[in-house]
There are 2 protein chains.
Amino acid sequence: MLQEPILTGSQNCEECPIRHRAVCARCETDELQRLEEVKYYRRFEAGQPIIWCGDRMDFVGSVVLGVASLTQAMEDGRTQMVGLLLPSDFVGRPGRAVAAYDVTATTDVLMCCFRRAPFEALIEDTPHIAHRLLEMTLDELDAAREWMLVLGRKTAREKIASLLSIIARRDAMLHIRREDGPVVFDLPLTREAMADYLGLTLETVSRQVSALRKDGVISLEGKRHVTVPDISRLLEEAGDDMDGGLIS
Amino acid sequence: MLQEPILTGSQNCEECPIRHRAVCARCETDELQRLEEVKYYRRFEAGQPIIWCGDRMDFVGSVVLGVASLTQAMEDGRTQMVGLLLPSDFVGRPGRAVAAYDVTATTDVLMCCFRRAPFEALIEDTPHIAHRLLEMTLDELDAAREWMLVLGRKTAREKIASLLSIIARRDAMLHIRREDGPVVFDLPLTREAMADYLGLTLETVSRQVSALRKDGVISLEGKRHVTVPDISRLLEEAGDDMDGGLIS
DNA sequence: GATTGGCTTTGACTTAGATCAAGTTGGGAC
DNA sequence: GTCCCAACTTGATCTAAGTCAAAGCCAATC
């Protein structure tokens, strides 16, 4: 089902749809060479845990194919997804040996991993990579803060629209797409996972998805295949200003 | 009201209660010397804006005294605080010229600022500082994600207890304090600011603070001066496991 | 082709927190 | 002192979303 990704030393980070944002071949060919020695791929099936909070973690990596999620749980079972990991997103924290969150494969996932120690050594003496990592982390921080607004202040309907916007936008980054045409994608999340991301119950998610469908904001084929006829209508429903800063 | 901070080149980041975590004198005396040339202080009165979202921002800095807040606003006026800036917290993003959030002085604030261009140059050729900045950013990301759980899944009472825990913990870092004694601090936020941080209304905040007082979890002198007789009781109310990971 | 079991939808009812509307408090200006 | 005003509290009501319960819908398996 998953194919091995094509990722050669000559690949250009601007053109390659599946970018290892932390290790860009265009800029750091030599360093990438060093990393090739400690690079390996891992597959996970949909629903499988990638790592549990508290586990020892001796790799960092990035998602190549599929979708994974970062979640936090309270003792009584309430859970909150705190990050959605789409292709090119980075997992793991240099300098930390223990996972802070549960990481779960939401769809089938292919991850590209690097052993942590050599990766940290690389950061140590390759300022350029450290710099890029800082930039990525700052982007993630912005995304997390954007999501705090969603969680704290938006209505259920706006939350759903916000989530669909994010997925549509990230999906559009991977595919070449005509301007202003309808956006089509498959939801990589169950209703329950959506609820965990949005701080809702799965019933409310289901009701609001149905409502958006009835109102013509989206249309559904099956339960997961979504068509958005007018993306700006969706952004409006999400309560965002049109400049679109959801994921920077 | 605010006094000029003592911040000499010989100051040790481990001992000094007001630390510029980004530029630690102990580790980077020479580099700090370079920064001294572009360093300046700015004061803000309680309630004043420090910078508006969208404004050009040609400095970075850190809070020395007081409390500031990062907030995001929707067009219809709903607002969500996305960060609480306590002494030693960093403001601004290297590589970004435009502010992404509104920054407001919640109490009287003294900030230590550096012009952005020289600061970025320093990062560029001082890997150690870049590394520290990455670590700080990762910590902030963890804090933001912890807060996503608060916003998405906790009840109003748990939210209040979580906020009080954070302030108590950060406050305890600034003062030497007996183990297990009562924790005493002044709330640096109005009820409205608390509501904006917690995704609640100010009325709900007021009610839940009163409830925690009635139940003996906290006691109040005036409206802002808080005594927590048993900090572990407060953490329990916050729904946290006892290991205390709210701010790493 | 029937059966199972995950998802998902939909309905009826409940509730935590929002909203609206008075009051109260307390510190600073005069 | 008293007046003022912003910050806060408290009460009454409303509502969006949660809870509980019962079907529905595939896709995989027997």
Side-chain angles (χ1 to χ4, degrees), chain A residues 1 45-48 74 76-80 104 106-108 150-163 186-215 218-226 237 239, chain B residues 1 45-48 74 76-80 104 106-108 150-163 186-215 218-226 237 239:
Chain A
M1 173 174 277
E45 277 174 45
Q48 277 190 333
M74 294 172 68
D76 62 9
R78 283 177 281 177
T79 68
Q80 175 66 50
T104 312
T106 294
T107 63
D108 288 350
V150 173
L151 290 173
R153 292 301 184 193
K154 290 194 178 177
T155 64
R157 170 185 262 245
E158 289 169 332
K159 285 178 173 181
I160 301 287
S162 298
L163 176 57
D186 281 298
L187 271 178
L189 301 172
T190 64
R191 298 290 185 263
E192 188 179 19
M194 292 172 69
D196 279 346
Y197 199 23
L198 297 167
L200 298 170
T201 59
L202 66 92
E203 292 96 330
T204 298
V205 170
S206 179
R207 275 186 250 271
Q208 296 300 332
V209 169
S210 298
L212 287 175
R213 183 171 45 66
K214 277 197 198 89
D215 297 347
I218 58 173
S219 64
L220 284 174
E221 209 172 316
K223 319 219 170 247
R224 300 290 194 88
H225 192 77
V226 179
E237 289 285 352
Chain B
M1 175 173 279
E45 277 174 46
Q48 277 190 332
M74 294 172 68
D76 61 8
R78 283 178 281 178
T79 68
Q80 175 66 50
T104 312
T106 293
T107 63
D108 288 351
V150 173
L151 290 173
R153 291 302 184 194
K154 291 195 178 178
T155 64
R157 172 186 262 245
E158 289 170 332
K159 285 178 173 181
I160 300 287
S162 298
L163 176 57
D186 281 299
L187 273 177
L189 301 172
T190 65
R191 298 290 185 263
E192 187 178 20
M194 292 172 70
D196 278 347
Y197 199 24
L198 296 167
L200 298 170
T201 59
L202 66 92
E203 292 95 329
T204 299
V205 170
S206 178
R207 275 186 251 273
Q208 295 299 332
V209 169
S210 298
L212 287 175
R213 184 172 45 66
K214 276 196 198 90
D215 297 347
I218 59 173
S219 63
L220 284 173
E221 210 172 314
K223 302 180 184 284
R224 301 290 195 88
H225 192 76
V226 179
E237 289 285 352

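Lettering follows sequence order; numbering is per chain, from 1.
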Practice problem: Measure the shortest side-chain to side-chain distance between Ile160(B) and Glu237(B) over non-hydrogen atoms and say whether it is less than 4.5 angstrom. | Solution: no

Exercise. Check every nucleotide of DNA chain D for an atom under 4.0 Å from a heavy-atom of chain B, then give the first and the last such nucleotide from 5' to 3'.
Key: dC8(D) to dA12(D)

Quiz item: Taking side chain as C-beta onward, heavy atoms only, is Leu151(A) less than 4.5 Å from Gln80(B)?
Solution: no

Quiz item: Is atom CD of Glu45(A) surrounded by more than 12 heavy atoms (other residues, nucleotides or ligands) closer than 6.0 Å?
Solution: no

Practice problem: Would you mind reporting whether Leu200(A) and Lys159(A) have side-chain heavy atoms less than 4.5 Å apart? | Solution: yes

Quiz item: Taking for each residue the nucleotide of DNA chain C with the nearest heavy atom, is it Lys214(A) or Arg153(A) whose nucleotide lies nearer the 5' end?
Solution: Lys214(A)

Exercise. Provide the full list of salt bridge (Lys or Arg N to Asp or Glu O under 4.0 Å) pairs with a residue in residues 195-215 of chain B, sequence neighbours left out, each pair given once.
Key: Arg153(A)-Asp196(B), Arg157(B)-Asp215(B)

Quiz item: Is there side-chain contact between Met194(A) and Val209(A), with at least one heavy-atom pair below 4.5 Å?
Solution: yes

Quiz item: Quantified as the angle between the terminal helix axes (five pairs each), what is the overall bend of the helix from dG1(C)-dC30(D) to dC30(C)-dG1(D) to 10 degrees?
Solution: 30°

Quiz prompt | Under 3.5 Å donor-acceptor, Glu221(B) side chain and Val226(B) backbone | solution = no

Exercise. Kindly write out the residues that satisfy side chain to side chain donor-acceptor pair (under 3.5 Å) with Thr201(A), not counting sequence neighbours, or none if the list is empty.
Key: Thr204(A)

Exercise. Identify whether any heavy atom of Ser206(B) sits under 4.0 Å from a base atom; if not, whether one sits that close to sugar-phosphate; answer base, sugar-phosphate or nothing.
Key: base

Quiz item: What's the spacing between Leu163(B) CG and Gln208(B) CD if we round to 0.5 Å?
Solution: 13.0 Å

Quiz prompt | Outermost DNA chain C nucleotides near chain B [under 4.0 Å, heavy atoms] | solution = dG17(C) to dC20(C)

Practice problem: Within residues 218-225 of chain B, find the residues that approach DNA chain C with a heavy atom at under 4.0 Å, and present them sorted by residue number. | Solution: none

Exercise. Indicate yes or no for a side-chain donor-acceptor contact from Ser206(A) to the backbone of Leu202(A) under 3.5 Å, with no hydrogens or angles considered.
Key: no

Practice problem: Calculate, to the nearest 0.5 Å, the distance between atoms CD1 and CG belonging to Ile218(B) and Leu187(B) respectively. | Solution: 7.5 Å

Practice problem: Working to the nearest 0.5 Å, report the span between CG of Asp186(A) and CG of Leu189(A). | Solution: 11.5 Å

Quiz item: Of the non-hydrogen atoms in Gly239(B) and Met74(A), which two are nearest, and what is the gap between them?
Solution: O-CE, 3.7 Å

Exercise. Could you tell me whether the side chain of Lys223(B) reaches within less than 4.5 Å of the side chain of Arg191(B), counting heavy atoms only?
Key: yes

Exercise. Taking side chain to side chain donor-acceptor pair (under 3.5 Å) as the test, write out the residues that go with Thr155(B), two or more places apart.
Key: Glu158(B)

Self-check item: Contacting residues from residues 195-203 of chain B, given that a heavy atom lies under 4.0 angstrom of DNA chain C
Solution: Gly199(B), Leu200(B), Thr201(B), Glu203(B)

